[in-house]
Amino acid sequence: MPLSRLLTAAAGRIRHWVLSAFPRGQSGIDYDHPAGDPGLFGPLSVTWRIHSDFPGMLSGGLCALMLQTLHPMALAGVWDHSNFRTDLVGRLRRTTNFVAGTTYASRGEAMRLIDRVAAIHGQVRGTTPDGCAYRADDPELLTWVHVTESYGFLEGFRRYSPLRLPDGAADAYYDEARRVAEALGARDVPATESAVREYFDRMQQHLRFDERSREVLDVLARIRLPVPMAGLSRELFLGAGSALLPPWALQRLHYTPWQRRQAALSAGVLRTMAPLFRVALNDGVAPRACRRVGVDPSILERWPDAFVRP
């Protein structure tokens with residue numbers, strides 16, 4: 001079989017896998033109207049490019065979940081107020097819809113999503129096992145969740161996207177992405193890559209790995225995506241997500257040398273496969289948002305002039 005047909009067949013299988021795990025058209029989010037509305041970011045943003053890369057977003061989102069298990073209050077909210085044991089796939093889909101909608105939908109649609117999530121956060125409160133009160137709309141807790149997600153998405157793009165990250169783009173991304181976090185109520189959100197590193201340093205005293213952390217990670221390790229070869233797909237993306245973890249997190253999560261080697265192997269495989277995802281998923285919400293504002297979707301395959309060296 002010619003190479004072109006092999007690549008087309010592989011892209012087709014990848015498309016079937018992704019759309020089985022993350023079906024389209026079920027969120028009720030309108031990405032096509034009103035014409036000309038750039039949403040919270042727009043086609044010249046770094047965010048539109050980073051969030052259009054599926055391998056980086058899924059692996060980065062899994063990396064963020066792993067990091068979030070280290071924060072006792074973030075973990076308590078998941079433990080006490082979600083059905084993560086039985087519907088982790090649904091939780092991933094809802095998070096995916098929120099990120100996609102706040103990134104690519106119109107401003108009004110994005111704010112509707114933010115208001116809905118903020119209302120849910122207002123009802124989530126409780127007490128950790130050691131007696132500390134928590135609430136999901138705590139500005140500091142919102143900042144932690146946002147920073148872990150932004151870190152994961154950026155590192156996923158950096159590791160797996162065919163598009164090289166230029167100088168200044170990482171800082172621009174963190175500065176842009178905090179708009180959503182601040183709209184949800186987060187405060188003092190780091191706006192540069194160096195500020196994120198400093199933030200993680202400051203947070204070390206508040207983090208720990210305990211039995212709850214271990215159980216959530218065990219559930220994540222057993223997640224069954226509704227796709228063929230679910231175990232292989234899970235291991236690939238969990239490993240690729242683990243490969244994005246900062247060294248301090250690998251140590252806190254007690255990653256063994258074998259697990260680190262497996263993560264590196266998964267990262268290499270996903271990096272090789274990544275261009276096929278771009279071919280397979282060339283008609284998603286990012287291209288629809290481009291058409292809404294009257295630009296060709298190919299604009300997302302290159303950086304704005306501000307990041308191009310003369």
Is Glu140 atom CD crowded by more than 12 heavy atoms from other residues, nucleotides or ligands, each under 6.0 Å away? no
Separation of Ser161 OG from Phe54 CZ (nearest 0.5 Å): 14.0 Å
For the residue pair Ser242 and Tyr255, confirm or rule out a side-chain donor-acceptor distance under 3.5 Å. yes
Got a salt bridge between Asp130 and Arg208, using NZ or NE/NH1/NH2 to carboxylate O under 4.0 Å? yes
I'd like to know whether CG of Asp188 has more than 12 heavy-atom contacts from other residues, nucleotides or ligands below 6.0 angstrom. no
The reported gap from CG in Asp32 to OH in Tyr104 (rounded to nearest 0.5 angstrom) is 14.5 Å
Atom CZ of Arg91 with >12 non-hydrogen neighbours under 6.0 angstrom: no
Crowding at CD, Gln259 (>12 non-hydrogen neighbours, <6.0 Å): yes
How long is the straight-line distance from CG of Asp138 back to NE2 of His121, given to the nearest 0.5 Å? 11.5 Å
CZ of Arg178 to OH of Tyr173: how many Å apart, nearest 0.5 Å? 13.5 Å
Parallel, tilted or perpendicular: which fits the ring planes of His81 and Tyr134, with parallel below 30° and perpendicular above 60°? perpendicular
Testing the basics here: between Gly101 and Ile29, what is the closest heavy-atom pair and its distance to 0.1 Å? CA-CD1, 4.1 Å
N-O pairing of Asp137 and Arg135 below 4.0 Å: yes
Leu65 with Met73, same ILVMFWY side-chain cluster at under 4.5 Å: no
Reported CG-to-CZ distance for the pair Leu253 and Phe209, which is rounded to 0.5 angstrom: 6.0 Å
Considering residues, nucleotides and ligands other than Arg13, do more than 12 of their heavy atoms fall under 6.0 Å from its CZ? no
If you look at every heavy atom in Pro43 and Val293, which pair is closest and at what distance? CG-CG2, 4.0 Å
To the nearest 0.5 Å, what is the distance between CG on Leu67 and OH on Tyr151? 7.0 Å
